[in-house]
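In the text below, chain A, chain B and the rest are named by the order of the sequence lines, each starting its count at 1.
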There are 2 protein chains.
Amino acid sequence: MRIGELARTTGVEVDTIRYYERAGLLSAPKRSDNGYRTYAPGDLARLAFIRHCRALDIPLADIQRLLSIVDSPESDCGEINHLVDLNLARVRARLASMQALEQQLMALRGQCATPDKASACGILHELVAAAQGEACACHRPADTGATSDGARP
Amino acid sequence: MRIGELARTTGVEVDTIRYYERAGLLSAPKRSDNGYRTYAPGDLARLAFIRHCRALDIPLADIQRLLSIVDSPESDCGEINHLVDLNLARVRARLASMQALEQQLMALRGQCATPDKASACGILHELVAAAQGEACACHRPADTGATSDGARP
DNA sequence: CCTTGACTATGGAGTCGCTCCAGGGTTTTC
DNA sequence: GAAAACCCTGGAGCGACTCCATAGTCAAGG
């Protein structure tokens, strides 16, 4: 099986497969006489595993760790729990900040009902005012507010 | 005002300020005799504006567009609405995929209650099975499922 | 036999938004 | 006068790809 067929079968782009090889997630496959990569069914399963983990947004370093555990089935699976927990925490943290972000953008969007001159635009006014540390829909009173705060998302 | 003071006042790191200058979001400031950047109050307001937009996760290219609109207040503000709408849509799309992701990771986490041998780990089994296209907690029946689907996050 | 087109190879650069570093010069403080 | 704090430039690194130029390989059609 050549790289193109592997790509079509798994839905992973050819460039990405080669990238995974460089990154050490896939071992270098055999080469045919013309230098083409030749993959075995085991490579297909391994790449499908990687692809599924990536669909779960698990970083490559974690996937590499999971693969090494898969390769040694006698090892303790406690680390697997830990990896999944870490990724879950990461996703939840990002989720919370994005929900706040959505609220802020919605509030901002509500500032401009009818398009007009930019100088009268509520959105722009809001952004400028917020940058100056005035009260705005984005920095609520509960927030630390002002120009020097740390409202990173 | 030198770059360090600007950084402290706005909460933007020195390196980032120089990066914004390179990226064209901040115009090159005057230099004093020793070559140090010397910023005017207008630069402070501009950088605070950028910082606030970044807190809203608006990409630099969009911020650059907003800044050019701010610079020409007679222009139409319709594009501002459009930019905010686009960013809102982007955030919402990402939000939806992350919520699905959280569900999938939670389902995965539920597969392993008690740490044991990796060969018996429900999480690993689930990941491998899912990669092989079998039914799993991640690919629901409603999903297109299987090894060649497009469940990108 | 030759061309066309699909496929594959390599190495390197580009993406985004920073962040860090080396190796220097300058200013402030003790 | 020395130490600490500040500033400069240019370049590399991050994650996870993606795209490119250039070149070799192979099967089908004319």
>> Please check: side-chain N/O of A/R51 versus main-chain N/O of A/T10, any donor-acceptor pairing under 3.5 Å?
In response: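 Checking the backbone N and O of A/T10 against the side chain of A/R51, a donor-acceptor pair under 3.5 Å is found.
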>> Between B/R22 and B/I17 (side chain of the first, backbone of the second, donor and acceptor by atom type, cut-off under 3.5 Å), is there such a pair?
In response: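 Pair absent, no side-chain N/O of B/R22 close to backbone of B/I17.
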Below 4.0 angstrom from OP1 or OP2 of [N], is there any side-chain N or O of [X]?
X	N	result
B/R31	D/dT9	yes
A/T16	D/dT18	yes
B/R37	D/dC7	no
A/N34	D/dC26	yes

>> One character per nucleotide, please: for nucleotides 11-16 of chain D, 5' to 3', B when the base has a protein heavy atom closer than 4.0 Å, S when only the sugar-phosphate does, - otherwise.
In response: -----B
So how far is it from [X] [atom1] to [Y] [atom2], rounded to the nearest 0.5 Å?
X	Y	atom1	atom2	result
A/I69	A/L83	CD1	CG	6.0 Å
B/D62	B/Q64	CG	CD	10.0 Å
B/M98	B/R94	CE	CZ	5.0 Å

In one Ile/Leu/Val/Met/Phe/Trp/Tyr side-chain cluster, 4.5 Å: [X], [Y]:
X	Y	value
A/Y36	A/L47	no
A/L60	A/L88	yes
B/L67	B/L26	yes

Round to the nearest Å and state the distance from [X] atom [atom1] to [N] atom [atom2].
X	N	atom1	atom2	value
B/I50	C/dC18	CD1	C1'	14 Å
A/E5	D/dC26	CD	C1'	16 Å
B/I17	C/dC20	CD1	P	15 Å
A/R51	D/dC17	CZ	P	11 Å
B/R2	C/dT27	CZ	P	8 Å
A/E13	D/dT18	CD	P	5 Å

> So, for B/R2 and B/Y39, which heavy atoms are closest and what is the spacing to 0.1 Å?
Replying inline: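 Result for this residue pair: C-CD1, 4.2 Å.
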> Of the non-hydrogen atoms in A/V84 and B/L105, which two are nearest, and what is the gap between them?
Replying inline: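 In terms of heavy atoms, the two residues are closest at CG1-O, 4.0 Å.
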>> Taking Watson-Crick (N1-N3 plus N6-O4 or O6-N4) and G-U wobble (N1-O2, O6-N3), each under 3.5 Å, can you produce the dot-bracket string of DNA chain D? Use [ ] for crossing pairs and | for inter-strand ones.
In response: ||||||||||||||||||||||||||||||
Tabulate protein N/O versus nucleotide N/O from nucleotides 2-6 of chain C, keeping only pairs under 3.5 Å, one per line.
none

> For A/R18, which contact category applies under a 4.0 Å heavy-atom criterion: base, sugar-phosphate, or nothing?
Replying inline: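 Result for A/R18 = base.
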> What's the verdict on side chain to side chain contact (heavy atoms under 4.5 Å, CB included) for B/T38 and B/R31, showing C-alpha distance, side-chain angles and the deciding distance?
Replying inline: CA-CA 5 Å; B/T38 307; B/R31 300 291 183 118; 5.9 Å; no
> Given that B/G4 and B/D15 both sit by DNA chain D, which one's nearest nucleotide is further toward the 5' end?
Replying inline: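 Its nearest nucleotide being more 5', the pick is B/G4.
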